[in-house]
Amino acid sequence: MKIASWNVNSLKVRLPHLEEWVKLAQPDVLALQETKLEDPAFPHGEIAALGYAHRAVSGQKTYNGVALLSRAPITDVQVGIPGFDDPQRRVIAGTIDDVRVVDLYVVNGQAVGSEKFAYKLDWLARLRDWLAQEIARHPRLVVLGDFNIAPADIDVHDPAAWHEAVLCSTPERDALRAIQALGLFDSFRKLHPQAGEFSWWDYRQGAFRRNIGLRIDLVLVSDALRPRLAAAGIDRVPRTWERPSDHAPAWIDLA
DNA sequence: ATGGTGGTGCGACCA
């Protein structure tokens, strides 16, 4: 089962890229972030035509928005973090075959010390508490999405320039480590030890061409699924296309 | 030090 994550930065604009990429990569499950569409505007017909007969969506106008697309049925859909009345549409989860999939668009946080940064840390703490329950209920768990956190300096093009900046700061990395301590490992890093592998490049200053990026799109896999992890990757190809998302898709293959 | 790009939507925000 191939499972992918992609921050599309507007599904309306990126639908042609999504159509092109799924033909190339053929994921069985595709978790989207930043769809920026209210649910009635979701392009169900176009996406069903790509083979995704099953879809679970949670969107809003202009900002945020997540969706799970699947060839196989999605059961036990959960929208948002239970018990957390968050108006921002950032979380959707569902069970596909025997795997629980949690799709996240983590808060960006703007700048260390800002109000949005405090919201990010609070959000991550609530997420951790919920994921503790999820992994107990569903030992075969995949948590993927735009984490807006580069896990370590190896995931940063210029660690000195990003030292203690938002997306790279110690409190954010500690929050990610606390989530991973539940029994979730970083699939890409487990299989690819080399530096210089990123998933996001700023639109400005030709950052992609110069590979000035961060690895912030992650696929965390529970220890129970470790024997089934056959491959993990980041596909830079759609980032080379005209009018791209600023993020590349990240994916895993489970046997 | 500033602003540099892009999406939404038409001004100002978010990233």
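Within every chain, numbering begins at 1; the chains are lettered A, B, ... in the order of the sequence lines, protein sequences first and strands thereafter. For clarity, every value in this text was computed on a predicted model and none was experimentally measured.
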* Identified salt bridge (Lys or Arg N to Asp or Glu O under 4.0 Å) partner of A:Arg215 from the options A:Asp186, A:Asp146, A:Asp153 ->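 Among the candidates, only A:Asp186 passes.
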Taking the same atom, [atom1], in [N] and in [M], what whole-Å distance lies between them?
| N | M | atom1 | answer |
| --- | --- | --- | --- |
| B:dG9 | B:dA15 | P | 15 Å |
| B:dA1 | B:dA12 | P | 27 Å |
| B:dC10 | B:dC14 | C1' | 16 Å |

* To do: Measure centre to centre between the rings of A:Trp21 and A:Trp241, then say whether the value is under 6.0 Å.
  =>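 Here the rings of A:Trp241 and A:Trp21 have centres that are no less than 6.0 Å from each other.
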* Decide if atom NE2 of A:His163 counts as having more than 12 heavy atoms of other residues, nucleotides or ligands within a radius under 6.0 Å. => no
* Asked: With a cut-off of 6.0 Å (strictly less than), are more than 12 heavy atoms of other residues, nucleotides or ligands near CD of A:Glu115?
  ->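 No, the 6.0 Å shell around CD holds no more than 12 heavy atoms from other groups.
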* Please work out which of the three classes, parallel, tilted or perpendicular, describes the rings of A:Phe198 and A:Trp201, given edges at 30° and 60°. =>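 Plane angle over 60°, so perpendicular.
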* Asked: Which word best sums up how the rings of A:His247 and A:Trp200 line up, parallel for under 30°, tilted for 30 to 60°, or perpendicular for over 60°?
  -> tilted
* 5'-most contact on DNA chain B: A:Asp246 or A:Lys12, nearest heavy atom basis? ->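 It is A:Lys12, whose closest nucleotide lies nearer the 5' terminus.
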* By nearest nucleotide on DNA chain B, pick out whichever of A:Asp202 and A:Ser10 is the more 5' one. =>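 In this pair, the answer is A:Asp202.
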* To do: Look at all strands and tell whether A:Phe208 reaches a base, only sugar-phosphate, or nothing, counting heavy atoms closer than 4.0 Å.
  => nothing
* Tell me, with the steps shown, if A:Asn64 and A:Arg90 meet side-chain hydrogen bond (donor to acceptor under 3.5 Å, both in side chains). => CA-CA 6 Å; A:Asn64 310 312; A:Arg90 298 180 172 277; 3.3 Å; yes
* Using 4.0 Å as the upper bound for N to carboxylate O, is an ion pair formed by A:Arg89 and A:Asp39? -> no
* Salt bridge or not for A:Asp174 and A:Arg177, using N-O below 4.0 Å? -> yes
* Span of DNA chain B, from the first to the last nucleotide whose atoms fall under 4.0 Å of chain A heavy atoms -> B:dG3 to B:dA15
* If pairs are Watson-Crick or G-U with both distances under 3.5 Å, what is the dot-bracket string of DNA chain B, marking crossing pairs with [ ] and pairs to another strand with |? -> ....((((...))))
* Asked: Which heavy atom of A:Ala165 sits nearest a heavy atom of A:Val112, and at what distance?
  -> C-CG2, 3.8 Å
* Stretch residues 108-122 of chain A: residues that reach within less than 4.0 Å of DNA chain B through a heavy atom -> A:Asn108, A:Lys116
* Structure fact -> When A:Leu127, A:Leu144, A:Ile92, A:Leu220 are each screened for side-chain contact (heavy atoms from CB on, under 4.5 Å) with A:Leu104, the one that passes is A:Leu127
